[in-house]
Amino acid sequence: MNKETIISKMKSAFEKTIPSEIDHALNVLENAEIIMNGEGIIGRESYLISVIAILHDIGMINAKVKYGSTSGPYQEKEGPAAAKEILVGECLSDDEMERICYIIGNHHTPSKIDGVDFQIIWEADLLEALKKFDKEASQEKLKNTIEKNYKTKSGIDLAKKILIMN
Ligand SMILES: [Fe+2]
C-alpha cells in the first residue's frame, strides 16, 4: 500500500463523520514533509512519519461515535485500533506498527515524545493549531510556544516563517 492509498482510506473514513478533518490531516502531512525534507529524513523513516501524519487523528471517528466527544484522551484511546484497521495488509513489521500506534495513541501528550519521528508529528500538528491564533495579537504567546515546543531546526524555521511577523 502506498501513501496515496492510505490517504484515500483516511478520506473515506472521515467523509461520513468529520469531513473537516480531511484537510487537517493533509495539512499536517504537508508540514511533516517540509520538516522531514529540511532534516534530511528520507526512505522508510520518512514513509512511516507520513503514515502517522495522515492517520494521527483517526481515533476521532470512534471517539465521536462511542463517547460523543473527540477530545484528546478519547482520540488517543481509539486511534491505534483504527489505524491498525486501515493499515491491514500494509507491509509493516511488528516494531513499525507498534511505533505508529504508540505515537498516534499519545499524540496529544508531549511528555511522551521520545524520538524525532514523534517530535516531527508534534510540530506539524501544533502548527495547524497555532495558525488559528490571531497572529497580530498573539506574537508574544506564539514566540513562547515555538520556543517551548519546537526542537527541529526545520520545524522552528517553518513555524517562525508562518507565525512570526517581522
Ligand atoms: Fe491533529
Side-chain angles (χ1 to χ4, degrees), residues 3-39 41 45-87 97-135 138 141-142 145-146 148-152 154-163:
K3 214 162 67 182
E4 292 311 315
T5 313
I6 298 168
I7 290 173
S8 69
K9 286 190 170 192
M10 175 277 288
K11 283 183 179 170
S12 48
F14 276 127
E15 231 147 45
K16 292 179 217 88
T17 49
I18 326 169
S20 56
E21 287 307 312
I22 295 172
D23 280 348
H24 170 72
L26 295 177
N27 290 338
V28 172
L29 173 63
E30 197 185 326
N31 297 339
E33 283 174 340
I34 293 169
I35 298 170
M36 287 192 281
N37 277 338
E39 298 300 302
I41 293 174
E45 194 179 8
S46 155
Y47 169 72
L48 294 170
I49 293 171
S50 298
V51 169
I52 298 166
I54 297 162
L55 298 179
H56 76 281
D57 276 337
I58 204 73
M60 281 175 102
I61 299 166
N62 282 342
K64 196 180 172 192
V65 171
K66 285 193 190 172
Y67 314 102
S69 162
T70 57
S71 73
Y74 292 131
Q75 272 185 51
E76 288 186 341
K77 190 166 177 241
E78 296 299 320
K84 268 187 186 166
E85 213 173 288
I86 285 181
L87 294 170
M97 186 65 99
E98 200 181 305
R99 186 66 184 156
I100 290 168
C101 288
Y102 174 79
I103 297 176
I104 292 177
N106 290 289
H107 80 274
H108 284 286
T109 313
S111 61
K112 296 276 175 93
I113 297 173
D114 60 353
V116 72
D117 49 356
F118 198 158
Q119 179 63 34
I120 289 172
I121 295 294
W122 177 255
E123 294 178 3
D125 194 22
L126 181 61
L127 187 57
E128 291 308 302
L130 298 178
K131 277 183 192 171
K132 293 181 186 145
F133 281 50
D134 176 343
K135 198 155 121 172
S138 313
K141 191 169 183 201
L142 288 167
T145 307
I146 293 170
K148 218 176 119 199
N149 288 276
Y150 283 75
K151 303 226 157 47
T152 69
S154 313
I156 294 167
D157 290 348
L158 179 65
K160 283 186 177 164
K161 191 174 112 191
I162 292 175
L163 304 168

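Order of listing sets the numbers, starting from 1, for every ligand and every atom in it.
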> Does the shortest distance from the Fe ion (ligand 1) to an N/O/S atom of His107 fall below 2.8 Å?
Replying inline: no
> Does any N, O or S atom of Glu128, backbone or side chain, fall under 2.8 Å from the Fe ion (ligand 1)?
Replying inline: no
> Where does the angle between the aromatic ring planes of Phe118 and Tyr102 fall among parallel (under 30°), tilted (30 to 60°) and perpendicular (over 60°)?
Replying inline: perpendicular
> What angle, in degrees and rounded to 10°, do you get at the Fe ion (ligand 1) when you join it to NE2 of His56 and to NE2 of His24?
Replying inline: 90°
> Would Lys112 and Glu76 satisfy salt bridge (charged side-chain N to carboxylate O under 4.0 Å, His left out), going step by step from the backbone distance to the final call?
Replying inline: CA-CA 12 Å; Lys112 296 276 175 93; Glu76 288 186 341; over 6 Å; no
> Mind checking whether His24 and His56 have ring centres under 6.0 Å apart?
Replying inline: yes
> With no hydrogens and no angle check, do the side chains of His107 and Asp57 hold a donor and an acceptor under 3.5 Å apart?
Replying inline: yes
> Are the charged groups of Asp134 and Lys141 less than 4.0 angstrom apart, N to O?
Replying inline: no
> Which single N/O/S atom of Asp57 lies at minimum distance from the Fe ion (ligand 1)?
Replying inline: OD2
>> As a test of reading the structure, name the N/O/S atom of Asp125 that is nearest the Fe ion (ligand 1).
In response: OD1
